[in-house]
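What follows is a single structure, written as C-alpha cells, with notes after it.
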2 protein chains.
Amino acid sequence: MTDADHRTLHNRVLAALGPAIAAGEFAPGHVFTLERLEREYGVSRTVAREAVRVLESMHLVYSRPRLGVRVRPQDEWSVFDPQLIRWRLAGSARTHQLRSLTELRAAVEPQAAAAAARRAPEEERRRLVEINEAMLATGAAGDLEAFLDLDIQFHRLVLRLSGNEMFAGLSGVVAEVLAGRTAYDLMPHHPRPEALRLHTHVAAAVRDGLPAVAEAAMRAIVDEVVEALEELG
Amino acid sequence: MTDADHRTLHNRVLAALGPAIAAGEFAPGHVFTLERLEREYGVSRTVAREAVRVLESMHLVYSRPRLGVRVRPQDEWSVFDPQLIRWRLAGSARTHQLRSLTELRAAVEPQAAAAAARRAPEEERRRLVEINEAMLATGAAGDLEAFLDLDIQFHRLVLRLSGNEMFAGLSGVVAEVLAGRTAYDLMPHHPRPEALRLHTHVAAAVRDGLPAVAEAAMRAIVDEVVEALEELG
DNA sequence: GCGCCGCAATTCGTATCACTATTAAAGAAC
DNA sequence: GTTCTTTAATAGTGATACGAATTGCGGCGC
C-alpha cells in the first residue's frame, strides 16, 4: 500500500525513474545509457544495472549491447505489476488508471463474492459480518478514515475468501483504488446508506452460502462505482 | 508467450531458480545466500544479484543484510506477473494455476466483450467477424492447431477492443490458458458446434454494438469452460 | 550502387574491496 | 540472576575497473 522500500539505492533510483517512464515522459524508443543513469542519479554502475533489470522485468524497457536501454511502447508493459500501478496512480495518468482498475474490480468482485459464498470456511464468513457491523457503526459516526479502512478490509476479505489466488492477488489493487478514490475526493463525505445496505447483503449472502445473492449485491456495489466514475466525464 | 529471453546470464539463472521457487520446492523462509547462488550456477556476484533483484520485484523473495535471500510465503507473490504465471504453468501447480486463471477469464471476458461492443472502432469490429469466419472454416476442416491459433486471436482481440488496458493486459494470460488447455488435452478434438455458434454471436453483437448480447454470449462461452474444468474434479 | 568489413559504442560478465546493516553472543552493571 | 550494553561475525550493499561480446553504422572496395 505504502511506497516501496527505500533502504536500498537501486530502489531509490527506481522510485525516480519508474514513475517518470510510467507517466510517459519518455517516448517509446527513447534511449538511456547506463552511463547517463549513473551520472544523473549519482550511483555506481552496479546500482544502475539493478534498477534497469527490474524495469526490464516489468517490460518497461529493454536493454541490449550497442543500443542502450530503450523505453518500450505502453501496450507491452506489465500493467498488472502492483509497482507499476502505484507509479501510474501517483502520476498524471491517475484518473485513467483509476478508471481501468475500477472496471476490473467491477468484473472480478461479483464473481469473487459468489465464489466466497460457495467455498469460504465457516469461521471466516462470520468475520465478514463483523467487519460489516463495524462499517455500519463508523459510517453512522461519520469517521471517514476508519470507514475507509474497514471498507478496504471488507473487500480484501471477500477476495481472499473466494479461494482463488488470482482474485486474492487483486486485493492490493482494490485497496489502492478505494484509497485513491477517497484521496481524490471521488467519494461522498458520508457513506451512502444504500451502499452500506448492499455491503450488509453481501456479508449475509456469503454467510448463508448464497452465491447468486452475493454476486448480485456485489455487482450492485461496483456498478454504482463505475457509474459514478463515468459521470465525471 | 514463449519462454523468456535466454541471451543474458541472469535470465538463465532466473529460468532455473524461478520455476523451482514457484513450484514450492523451497519452503517459505528458506534462505539462500548470494555466495551459494554464485557457486550453484557458476556465475559472478553481479549476475546472481541481478537475478535476485528480479525475484525480489516479484515478491518471491526478499533480501536483507546478515540474513540472506529468503523465500516469501506464497500469498505475498505477485501472482499476476506473466513470468510467474508461466513458471507455474510449467510446473506441478499447473492444473491449479489453470483453474484459477480460468475463473479469472470467466470474470473478465464477458465484461470485456460488453465494453468492446460499446467502444471498439468500426474497422476493428469487422476484423473480429473475419476471425470468426476463419474459425468456422478451420473448425469444419478439423485443423485443430490452426483453430487454436484463431481462437487465441479472437479472445485477444476482444480484450484489446475493450479499450481497457488492464483487460488488454490479460491477453497473454488468456493465450496461455487456451494453449495450455489444448496441450493438456482438456479440449474436445473437434471444436463443439455450440461453442462455435456462441463465438459467432459475440462477433455479431460487437459488430452491431449490442453490449448486453455480447456479454451474455461470452459468458456462455466461459461458463462452459469453467464447468468442463470442474467436472475433472 | 551494392555488399562486405571493421570501428566504436554499450551492454554483459567477472573480480575485488570497502562499507553498512543486522543479529547474536559475550560481558558489564545492577 | 536479570537486564542492558558492547562487540564481533556475517551477509548483503555499493563502488570501481577491466576484458569480452554484440551490433549499428559508415566507409571501402569492386
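Protein chains get the first letters and strands the later ones, always in sequence-line order, with residue 1 at the start of each.
- Dashed line: the shortest gap from a side-chain N or O of Ser44(A) to OP1 or OP2 of dG14(D) is not under 4.0 Å.
- Here Phe32(B) lies in heavy-atom contact (under 4.0 Å) with sugar-phosphate atoms only.
- The residue among Arg66(A) and His10(B) whose nearest nucleotide of DNA chain C lies closer to the 5′ end is Arg66(A).
- Residue Arg45(B) places no side-chain atom within donor-acceptor reach of the base of dA15(C), judged by atom type and a 3.5 Å distance cut-off alone.
- Side-chain contact, His199(B) with Asp151(B): a donor N or O sits under 3.5 Å from an acceptor N or O.
- Under 4.0 angstrom from either OP1 or OP2 of dT13(D) there lies at least one side-chain N or O belonging to Ser63(B).
- Within the 4.0 angstrom heavy-atom criterion, base atoms lie near Thr46(A).
- Counting only heavy atoms from C-beta on, Val69(B) has its side chain closest to dG12(D) among dG12(D), dA9(C), dG13(C).
- For the atom pair Ile85(B) CD1 and Leu170(B) CG, the distance stands at 8.0 Å (nearest 0.5 Å).
- Put simply, CZ on Arg70(B) is 14 Å from C1' on dG12(D), counting in whole angstrom units.
- Sequence order on DNA chain D of the closest nucleotides to Leu67(A) and Arg7(A) puts Arg7(A) first from the 5' end.
- Note: CD (Glu56(B)) to C1' (dG12(D)) measures 10 Å, nearest angstrom.
- Checking Arg53(A) against His10(B) by side-chain atom types alone, a donor-acceptor pair falls below 3.5 Å.
- A salt bridge links Glu165(B) with Arg88(A): the distance from a Lys NZ or Arg NE/NH1/NH2 to an Asp or Glu carboxylate oxygen falls below 4.0 Å.
- Arg36(A) comes within 4.0 angstrom of no nucleic acid atom, judged by non-hydrogen atoms across all strands.
- Side-chain proximity of Leu34(A) to dT22(D), dT11(C), dT13(D): nearest is dT11(C).
- One interatomic measurement links the two molecules: CD of Glu38(B) to P of dG13(C), which rounds to 14 Å at whole-angstrom precision.
- One can place NE2 of His6(A) at 20 Å from P of dT20(C), the figure rounded to the nearest angstrom.
- Remark: side-chain polar atoms of Trp77(A) are paired, donor with acceptor, to backbone N or O of Arg72(A) under 3.5 angstrom.
- The nucleotide whose nearest atom lies closest to any side-chain atom of Glu50(A) is, among dT23(C), dG14(D), dG13(C), dG14(D).
- For Thr33(B), taking side-chain heavy atoms from C-beta onward, the closest of the listed nucleotides dG14(D), dG13(C), dG12(D) is dG12(D).
- Summarising the geometry, the separation between CZ on Arg49(B) and P on dC12(C) is reported as 16 Å, rounded to the nearest angstrom.
- For the pair Asp5(A) CG and dA21(C) P, the computed distance is 13 Å after rounding to whole Å.
- At dT22(C), one or more side-chain N or O atoms of Arg64(B) fall inside 4.0 Å of OP1 or OP2 (strictly under the cut-off).
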